[in-house]
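Read through the structure below, which is laid out as structure tokens, and then see the notes.
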Amino acid sequence: MSQEESLDKLMYSFVMEDVLKGFFIYVPPGYVACVYDLGRGVLKKVLTPGLHFKIPFWQKAKLFNTQTLEYGISRKFNPEHEKAMGDIPISAVTKDAKRIAFEGTILLRLDIQQIPSLWQTIGEDFVIKIIRPTVRSRIRMVASKFTQEEIVGVKRDEVETELKNEIERIFYPRGIFVENILLSEIGSVNEYKKIAE
């Protein structure tokens, strides 16, 4: 895989596999590297863009994307790529007992200072462990407070704001910023072939 292809792949993920296995770590703009040292564990200091030295075979480096990333909730999402940023449309039951499905975009960014802790306590699969289950749960919780008419109509902004607050409350202590939530499509579950129940 060429370096350009590797960087394209990074645009859709928070984490990249090992950077270089030799003496040096190259960190491109928009990323930081965390280093795992066989003697000291995950080092607290992150490496900023540039070229850095590391001890071959003793230290292992991973790149983390610190740019704003889109978590897209869409019928275009492929659920077979479970580590990818995103999800299929999410079903929820409204206050007036209507079953609806949500599509939209959540803009997320990692807190650079908390990346070593995130890597050590949650690991690399935080999309599967934290982001996807939290987003599904919070969407269902917020949807249950509003009627279908309110969600698709006059209270749509209020729904987005409450959803952002709820997701932020859980993500922020773990080192993940929620920059914005934009709901795009909201419809009956009958309109969807695949849906997250």
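Residue pairs that meet the salt bridge (Lys or Arg N to Asp or Glu O under 4.0 Å) test with at least one member in residues 66-80, sequence neighbours left out, are R75-E103. The ring-ring contact (aromatic ring centres under 6.0 Å, His included) contacts involving residues 71-114 comprise nothing, where partners must be two or more places apart or lie in separate chains.
Between the Q148 side chain and the I100 main chain, no donor and acceptor come within less than 3.5 Å of each other. Without hydrogens or angle criteria, K129 side chain to I122 main chain gives a donor-acceptor distance under 3.5 Å. No donor-acceptor distance shorter than 3.5 angstrom exists from the side chain of E150 to the backbone of F146, with no hydrogens or angles considered. Looking only at distances, no side-chain donor or acceptor of D125 sits under 3.5 Å from a matching main-chain atom of I128. Side chain of R156 to backbone of L183: a donor-acceptor contact under 3.5 angstrom is found. Judged by distance alone, with hydrogens and angles left aside, the side-chain atoms of T66 form no donor-acceptor pair with the main-chain N or O of L110 at under 3.5 Å.
Between A84 and V127, the shortest heavy-atom distance links the atoms O-CG1, 3.5 Å.
Remark: F126 CZ to F171 CZ distance equals 10.5 Å, nearest 0.5 Å. Between the CG atom of D111 and the CG atom of L118 there is a distance of 9.5 Å, given to the nearest 0.5 Å. Distance check, rounded to the nearest 0.5 Å: CD of E162 to CD1 of I167 gives 11.0 Å. The distance from atom NZ of K54 to atom CZ of F23, rounded to the nearest 0.5 Å, is 9.0 Å. Taken from CD1 in I139 to OG in S144, the straight-line distance is 12.5 Å, to the nearest 0.5 Å. One distance of note links OG of S137 with CD1 of I170; it measures 6.5 Å at 0.5 Å rounding.
Hydrophobic clustering of Ile, Leu, Val, Met, Phe, Trp and Tyr side chains at less than 4.5 Å, counting indirect connections, keeps V93 apart from I151.
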Show me the donor-acceptor pairs, under 3.5 Å and distance only, between side chains in residues 41-50 and residues at least two apart or in other chains.
none

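Annotation: side chain to side chain donor-acceptor pair (under 3.5 Å) contacts of R138 (sequence neighbours excluded): E166. Considering only residues two or more places apart in sequence or on other chains, T68 meets the side chain to side chain donor-acceptor pair (under 3.5 Å) condition with E179.
Taking a 6.0 Å sphere around NZ of K95, one finds it holds 12 or fewer heavy atoms contributed by other residues, nucleotides or ligands.
Residue F177 is found in a hydrophobic cluster whose other members, listed by chain and number, are Y172; membership requires side-chain heavy atoms under 4.5 Å apart, directly or through intermediates.
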